[in-house]
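Worksheet for the structure shown next.
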Amino acid sequence: YPQLIHYPDSTGMRTLINAPLYMTGAPIGVLGVMCLKDNKPGPEDVSFVDIVAGLISLHLSKHQESEGKILHQRGQALI
């Protein structure tokens, strides 16, 4: 993984599992899990990372909704 050279403690990483992060249905980033062990991820590993990525995406979406409501309320107060 060429990008790992930017992180000095990660040169021994052998496995990388990535899952997309979404906000309101649009991809916004990636959650990655790196392991020292040389291992082909099984369905359980991939499902776990997908679930965690889904929870992070849900949290980000909820945070964005609350920020939008606060900005809308502030705008209404100025009118």
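Counting from 1, the numbers follow the sequence of the chain as shown. Hydrogens, waters and symmetry mates play no part in the numbers below; they use all other heavy atoms, side chains included.
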(request) Please round to the nearest 0.5 Å and tell me the distance separating atom CG of Leu31 and atom OG of Ser57. (result) 8.5 Å
(message) For residues Leu36 and Leu16: do they belong to one hydrophobic cluster (side chain heavy atoms under 4.5 Å, members Ile, Leu, Val, Met, Phe, Trp, Tyr)?
(response) yes
(message) Could you report the tightest heavy-atom contact between Asn18 and Gly32, atom names first, then the distance?
(response) OD1-CA, 3.3 Å
(message) To the nearest 0.5 Å, what is the distance between OG1 on Thr15 and CG on Asp45?
(response) 9.0 Å
(message) Once rounded to the nearest 0.5 Å, what's the spacing between atom CG of Leu55 and atom CG of Leu21?
(response) 11.0 Å
(message) Do Val52 and Leu58 sit in one hydrophobic cluster, given that two such residues count as connected whenever their side-chain heavy atoms are within less than 4.5 Å of each other, even indirectly?
(response) no
(message) On a heavy-atom basis, which atom in Leu60 and which in Met23 lie closest, and how many Å separate them?
(response) CB-CE, 3.6 Å
(request) Please check if Val46 and Tyr22 belong to a single hydrophobic cluster, counting links between Ile, Leu, Val, Met, Phe, Trp and Tyr side chain heavy atoms closer than 4.5 Å. (result) no
